[in-house]
Protein chains: 2
Amino acid sequence: MFSIVNAGRAVEQRLEEALAPVSLTLTKFGMLLHLVEAGEPLSLSECAKKMSCVRSNITQLMDRLEADGLVQRVEDPQDRRAIRAEVTPLGAERQAAGAKEVTKVQAELAKTLSGMDHATLQRALAAVK
Amino acid sequence: MFSIVNAGRAVEQRLEEALAPVSLTLTKFGMLLHLVEAGEPLSLSECAKKMSCVRSNITQLMDRLEADGLVQRVEDPQDRRAIRAEVTPLGAERQAAGAKEVTKVQAELAKTLSGMDHATLQRALAAVK
DNA sequence: CCTATATAGTTCATATATGAAACAAACTCG
DNA sequence: CGAGTTTGTTTCATATATGAACTATATAGG
């Protein structure tokens, strides 16, 4: 059981290290990825759902992303309560750079797990969730 | 790759939920477990090594464990710089209660993964580390 | 023996996470 | 329509984590 926890943390660590050179953390990269994939500004509540975390966490994350100039808070004309997060050009650029690093880690990991049955592994890990 | 990270987080979450009723977090339980297993007070640096974290983290963790009355800082007569963490009777009791909960989660997880080749899974997860 | 360095712990700034409480805006129902 | 509820965001207190800077002690070499 602790092998699963440790393996998860080890992969996280590797991703953090890979993203550090492009000045991103895994959390920031994940948020940017969701926003880029969505193709449109997402409300902070939607962001919280995508990131599987509570909303107050997103408030803080957006503060940091805005301070980095990667994201901008924009008002929602449809709902005056809502605030949407919009990726800036710099944010999109940074996300793309991060994606390259992540792909590298993925390739390394695939190599590490060569010889294993990926489908079986995938099924086992999915079952845990 | 993200399956591994997610699976790890999911297991962590389940452990946190299982430990909550005995007023422990996974971090606190882990620290108590190491101390109980050691069978003697450990210096805070040794604690950091066991927990695979930096020493400043242990300073804070011990502050919380001491506030909970689960651990006590004791001086080391051999080395006046060092401070050792000693489990209190309450701490030992709490650790034992936590261990029961952890065992339950382990059993559930084994059931979830029944039909899978545990050895293969174990090997794959170990390879990632 | 004294100086240089290493080790032990803490403090501080910061990142990430949660959950409770507060507040505004939107919505529902009688 | 207006009261009560839900939804969206923020603020605060707290837990967990890192790394740099600081202090005290130990230890090694000249």
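The sequence lines fix the lettering, A, B, ..., with proteins before strands; numbering per chain opens at 1. Both backbone and side-chain heavy atoms feed into the values below; hydrogens, waters and symmetry mates do not.
- Of the two residues contacting DNA chain C, namely A:R80 and A:R64, the nearest-nucleotide position lying further toward the 5' end is that of A:R64.
- At least one side-chain nitrogen or oxygen of B:T25 sits closer than 4.0 Å to the OP1 or OP2 atom of D:dT16.
- In summary, A:K104 and A:E101 engage in a salt bridge, as defined by a charged side-chain N under 4.0 Å from a carboxylate O.
- In this structure, CE of A:M62 is placed 14 Å from C1' of C:dT16, rounded to the nearest angstrom.
- Residue whose closest nucleotide on DNA chain D sits further toward the 5' end, between A:A82 and B:T27: A:A82.
- The separation between A:D76 atom CG and D:dT10 atom P is 13 Å, rounded to whole Å.
- Side-chain N/O atoms of B:N57 include none lying less than 4.0 angstrom from OP1 or OP2 on D:dT16.
- Across all strands, B:S56 comes closer than 4.0 Å to base atoms (heavy-atom distances).
- Atom CZ in A:F29 sits about 14 Å away from atom P in C:dT16, given to the nearest Å.
- Within 4.0 Å (heavy atoms only), A:D79 reaches sugar-phosphate atoms of the nucleic acid but no base atom.
- At least one side-chain nitrogen or oxygen of B:R73 sits closer than 4.0 Å to the OP1 or OP2 atom of C:dT10.
- The interatomic distance linking A:Q78 (CD) with D:dT7 (P) rounds to 19 Å, in whole Å.
- Distance B:E16 CD to D:dT14 P: 19 Å, rounded to the nearest Å.
- No N or O donor and acceptor, one from the side chain of A:Q60 and one from the base of D:dT11, sit under 3.5 Å apart.
- Between A:E46 and A:R84 there is a salt bridge, since a side-chain N of the basic residue sits under 4.0 Å from a carboxylate O of the acidic one.
- Going from atom CD1 of B:I58 over to atom P of C:dT10 covers 10 Å, rounded to whole Å.
- Comparing C:dA6, C:dT10, D:dA17 by their closest approach to the side chain of B:I83 singles out C:dT10.
- Hydrophobic cluster membership differs between A:V54 and A:L42, with clusters built from Ile, Leu, Val, Met, Phe, Trp and Tyr side chains linked at under 4.5 angstrom.
- A:D63 CG to A:R73 CZ: the interatomic distance, rounded to the nearest 0.5 Å, is 4.5 Å.
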For residues 25-32 of chain B, tabulate all N or O donor-acceptor pairs below 3.5 Å that involve a side-chain atom, not counting sequence neighbours.
| unit_1 | atom_1 | unit_2 | atom_2 | d |
| --- | --- | --- | --- | --- |
| B:T25 | OG1 | B:K28 | N | 3.2 |
| B:K28 | NZ | B:D68 | OD2 | 2.7 |

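- When each of A:R81 and A:Q13 is assigned the nucleotide of DNA chain D with its nearest heavy atom, A:R81 is the one assigned upstream, toward the 5' end.
- Of the candidate nucleotides D:dT10, C:dG19, C:dT10, C:dT10 has the atom nearest to the side chain of B:R55.
- Rounded to a whole Å, the CG atom of A:L26 is 14 Å from the C1' atom of D:dA17.
- At whole-Å resolution of the value, CZ in A:R9 and P in D:dT18 are 9 Å apart.
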